[in-house]
Amino acid sequence: MKDSVFMEEMDAFSYRDKLAKGAVAFVPVGALEQHGSHMAMCVDAALTRDMAGATAEAVDAAGLGPAVVTAPINFGYRSQQRSGGGFHLSGTTSLSGSTIISLAKDICYNLIEDGVRKIVIMNGHYENYQFVFEGAQLALEQAHARGLGGAKIQLLSYWDFVDDDTIAALYPDGFTGWDLEHAGVMETSLMLLFHPDLVDMDRIDEDLYVGLPATMPNYDVLPIVADYTPPSGCLSHPGASTREKGIVLRDAAVAGMLGAIEREFGGLGDFHEN
Ligand SMILES: [Zn+2]
């Protein structure tokens, strides 16, 4: 069996060995969502799993202890029109908020029950954040009520660790913000790096990819007014994406996340049974 940070590719005995050494456990949270005509719909789940894997390897290499990555949550909270084009678009297959809360809570609690005390929930779909936050807190409350103390959960979205200098270098014409990055240069460049077989830049049809970056109202409205979403479903233009930009984005985000994880978990030492 190959050596892997991914739980799905690990036997249970190797997993338990890592936990006994105080492993950091990553929980990637993604979505199944339309990303225009040029990318597969797995983007948020696939990239978050990849970024968690790269960060887990960095944690191990930095001597912070072993790290494992759980299976991702492959579906996400309802895509919002202003950050994902909207949940009305066919292909986007969403969960309700209560389902995401329950998934995050159950996964975190199971990890704690098995001995994990350092959990990093890595988000890759803008809309998930508050629901996984709620699930994390409920998991800690349940663990506390059942006498399982000492667990800590860190929550982050990987793009928040791309520093300003990197943003300035990658977006010379100006940066429109992470909310409008849906299917734009960041996600497309990272997909060209991690999953080139799931991207087709020739499918960026200039007649379809119009009205980008999207100009959205500064409020939400229900039922959704479909015309507010650009026809491609993307919110910014992916044309300037390259694999090289993907490398820069990955390295900047992983370095930033490693620093944050070190800050929260660096001094905890090995896991002790309660
Ligand atoms: Zn996305």
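Counting starts at 1 for both ligands and their atoms, following the listed order.
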Any heavy-atom pair between the side chains of I112 and L140 that's under 4.5 Å? yes
Just checking, is any N or O donor in the side chain of D179 or S83 under 3.5 Å from an acceptor N or O on the other one? no
Regarding D163 and T166, do their side chains bring together a donor and an acceptor under 3.5 Å, going by distance alone? yes
Quick one: the NE2 of H35, the Zn ion (ligand 1), OE1 of E187 angle, rounded to 10°, please. 80°
Any N/O/S atom of H125 sitting less than 2.8 Å from the Zn ion (ligand 1), backbone or side chain? no
Distance under 6.0 Å and angle within 45° of ring axis: R203 vs Y209: no
Do you see an N/O/S atom of E181, backbone or side chain, under 2.8 Å from the Zn ion (ligand 1)? no
Any N/O/S atom of D44 sitting less than 2.8 Å from the Zn ion (ligand 1), backbone or side chain? yes
